[in-house]
Every structure is written in structure tokens, then in C-alpha cells.
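A short worksheet on the structure shown next.
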Amino acid sequence: EQAERSESKETPSTVLPGAARRVSNLSLLMGSHLGSKTTTAPSWSSDPPEDGATLTHYRSGFLPISRLYRNVQTSSGAKRLSDQELDSAFARELQSQWSSYYADISKEITKAQERGLANILGFFLSARPEETDDSASPDETEAYTRIKGFLERQSGYSHLLRSEKEFGVLYAKRPELRNVVKQIEKIENDIASISAPRERFREILESMFTGSKHLVFTEKEIRVQLPPEKTIGLSSLSSGEKQLLFLAFNALTGGNHSLIIDEPELSMHVDWQKRLVSTLLGLNPTIQLIMATHSPEIMAELADDKVFRL
């Protein structure tokens, strides 16, 4: 951890993974040569060209070697924080970010549900209901399963559904219910799409924590469980585990922007170093990763044209 809080004097290699194809390659075109007496304002171009007159503005994030503790604040004149205090501050910050991220996902899911319910209501209120395509409709058993699952996720509405037998009779008599089931299917697909990055984050992190530690992701926090029923905080993770969790979360929430990481291999096991780039891009295929590293394992599976020695 001391290494994380000190500057490196070695010259690293820069890794530019190529999976982030959605991020434009921008080149700065200078209006005159260096050393000339007059210069014009620099202009930017995009390769490949973008549609429209203006270029997309991308933000970038920088994770220095002190990244785990970069947001730790101390009062004026305070002594240097102990390792325990730093670890506790890291855990609080990451938990806060996770809770905020989870809340944003929940809001998007609520919006998807509201849109779907509005479409269902609009169908019944329309003067000319659309015709039902029976060939594309699920049978009564599948329809019952979909509606039951949907209502169970809506607090206070599960009692509205009758027994499967009664529903089957109603489903046969009222063909408009087939359109309702289709709308519910669309809502469920939208929710699955919104939740997919979060679920992918959980699955990937759980697959990498293969020892006795098991990560549990809830609405409010990320917990670490040990057998048989012991729970520890994020502050008790090893330095390498903290680094992996922190880098993975920043990649997950990075959008289609650039993420610059100085020495991503810090404190990380060699096996994790080999998987790091593919893991981060698996979490977010649209992000552009720029890494400065001393580790050959980080670069092991990258094409030669994506690695630059500085």
C-alpha cells in the first residue's frame, strides 16, 4: 500500500486496448508549425467522421497510483491518517458510490415499468384496439407465468391474479389479454437490458473471487462473506482485491468515455493482471482504456499495435 501512495520513477509502457471502437480517434490539427511567429487556434477532427456539424464531447477519468485514497480528506493540520483509517475511508467511499449507482438503476427500471403500464392502459382506452396476432402469442401457461412474475415485482398487486386455471379460462375468452402479455414481455426485456451491466459486474467479480471470500451485492452495499456465516467489510480486503473492485466499478460506470489508469497492476495477483483488460472491457465494451504499466502480464493478450513503449 505504501507503493500506492508514492510516485513511480520508472518509464512505463502505455496500453491502448482496441475494443473501444465507439470512442472517436481525435487528432489535433495545428494551424502552423512549431517555432513560427503566429499560430491559429487548434481545431479537432474525428476519425471516423461524425454526423452533424459538432463533435461529440467525451469526458475522461484518471486513476493515479493513489486512486484508492484520492478522495480522502483530512482537516487542516491533521496528522497523516493510519492505514486503518485510509482503508475505512476507501470502504465508505466505494459503498456510497455503489448505493448511488444502484439507485440510478432502480430509477431507470421504475421508468420502464411506468412506460409499459402506460402503454397497457392506452391499449384498453384506445377507441380501436390493435388486432391480436395469435400466432405470436404465448400459450396460457407461459402467459400466466409472465403476468405472475410481473405482478409479484409490483408491491401490493400480486393478489390481483387469479388461479392458473381461472386465468386460462379468462385468457381464452378475452383475446386482448394477449396484447397485455406482449407489453409485459417488452417491459421485462427493457428491465433485463437496464439491469444487464449490474448483473455482469456481479457475475464477473464473483468469478474472480474464487477463494473463501464471496461478494454479495445488495441495494445498499457490497458485503464480503466468509464461511460459514461471517461477514467482513470492504476495508478488510487485501490491497489487490481493493484494486480489482475499484477498477472494475470505475470501468462499469465509465460510459463510452476514456479511463486512464496509472499502474493498474498495483498489488494485484499475476493471474488477475492477465485477465484485467479483458475483464474491464467485458464490464463495459464501449469504454476506452489507456493504461501506463510496467507489467508484461497486463499486455500479454493485447495486439502489438495496441502497446506503445514510452
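One-based numbering along the sequence shown.
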Item checked: Charged N-O contact under 4.0 Å between Asp262 and Arg67 -> no
Margin query: Could you check whether Asp271 pairs with Arg275 (Lys NZ or Arg NE/NH1/NH2 to Asp/Glu carboxylate O, under 4.0 Å)?
Written below: no
Looking at [X] and [Y], would you say the former's side chain and the latter's main chain have a donor-acceptor pair under 3.5 Å?
X      : Y      : answer
Glu219 : Ala103 : no
Ser96  : Arg92  : no
Lys242 : Leu237 : yes
Glu85  : Ser82  : yes
Glu108 : Ile105 : no
Arg200 : Gly282 : yes
Ser193 : Asn189 : no

Shared hydrophobic cluster for [X] and [Y] (ILVMFWY, side-chain gaps under 4.5 Å):
X      : Y      : answer
Ile232 : Leu215 : yes
Val180 : Leu170 : yes
Leu245 : Leu226 : yes

Checklist line | Derivation and outcome, side chain to side chain contact (heavy atoms under 4.5 Å, CB included), residues Asn256 and Ile287 | finding: CA-CA 5 Å; Asn256 62 338; Ile287 201 169; over 6 Å; no
What's the separation between atom [atom1] in [X] and atom [atom2] in [Y], rounded to the nearest 0.5 Å?
X      : Y      : atom1 : atom2 : answer
Gln97  : Asn250 : CD    : CG    : 6.5 Å
Leu234 : Glu93  : CG    : CD    : 12.0 Å
Leu63  : Leu259 : CG    : CG    : 4.5 Å
Thr253 : Asn284 : OG1   : CG    : 8.5 Å
Glu221 : Thr231 : CD    : OG1   : 8.5 Å
Leu244 : Ser239 : CG    : OG    : 12.5 Å

Checklist line | Test salt bridge (Lys or Arg N to Asp or Glu O under 4.0 Å) applied to Glu114 and Lys111, step by step | finding: CA-CA 5 Å; Glu114 291 174 348; Lys111 290 179 182 178; over 6 Å; no
At their closest point, which heavy atom of [X] faces which heavy atom of [Y], and how far apart are they?
X      : Y      : result
Ser235 : Ala91  : N-CB, 3.8 Å
Pro264 : Leu247 : O-CD1, 3.8 Å
Arg198 : Tyr101 : N-OH, 3.7 Å
Ser258 : Gln288 : OG-OE1, 2.6 Å
Gly255 : Thr286 : O-OG1, 3.4 Å
Val224 : Gly233 : CG2-O, 4.5 Å

Say whether [X] and [Y], considering side chains only, have a donor N or O and an acceptor N or O under 3.5 Å apart.
X      : Y      : answer
Ser163 : Glu166 : yes
Thr293 : Glu265 : yes
Glu241 : Ser238 : yes

Checklist line | Mutual orientation of the aromatic rings belonging to Trp272 and Phe209 [parallel < 30°, tilted 30-60°, perpendicular > 60°] | finding: tilted
Next item on the list: Identify, with sequence neighbours excluded, every residue that meets ring-ring contact (aromatic ring centres under 6.0 Å, His included) alongside Tyr171.
Entry: Phe167
Margin query: Under the rule for ring-ring contact (aromatic ring centres under 6.0 Å, His included), what residues qualify as partners of Phe201, not counting sequence neighbours?
Written below: Trp98, Phe217
Item checked: Minimum side-chain heavy-atom gap Leu283-Pro197 below 4.5 Å -> no
Next item on the list: With the side chain counted from C-beta on, respond yes when Val277 and Glu301 share a heavy-atom pair under 4.5 Å apart, and no when they do not.
Entry: no
Notebook entry, point to check: Testing Leu266, Ile65, Leu280 for side chain to side chain contact (heavy atoms under 4.5 Å, CB included) with Ile261, which one passes?
Noted result: Leu280
Check: Which of these, Leu117, Ile147, Asn179, sits in a side chain to side chain contact (heavy atoms under 4.5 Å, CB included) with Ile184?
Finding: Ile147
Next item on the list: With side chain to side chain contact (heavy atoms under 4.5 Å, CB included) as the test, would you mind laying out the steps for Gln225 and Lys230 before giving the verdict?
Entry: CA-CA 6 Å; Gln225 288 187 341; Lys230 183 180 179 181; over 6 Å; no
Item checked: side chain to side chain donor-acceptor pair (under 3.5 Å) evaluation trace for Ser295 with Gln273 -> CA-CA 8 Å; Ser295 170; Gln273 293 181 35; 2.4 Å; yes
Next item on the list: Return each pair, listed once, that meets salt bridge (Lys or Arg N to Asp or Glu O under 4.0 Å) where at least one residue sits in residues 138-150; pairs must be two or more places apart or across chains.
Entry: Glu142-Arg146, Arg146-Glu185
Next item on the list: Take atom CD of Glu203 as the centre, draw a 6.0 Å sphere, and report whether it contains more than 12 heavy atoms from other residues, nucleotides or ligands.
Entry: yes
Next item on the list: Determine, step by step, whether Met268 and Leu276 satisfy the side chain to side chain contact (heavy atoms under 4.5 Å, CB included) criterion, reporting the C-alpha distance in whole Å, the side-chain angles of both residues, the deciding distance to 0.1 Å, and the verdict.
Entry: CA-CA 10 Å; Met268 200 171 292; Leu276 183 62; 4.2 Å; yes
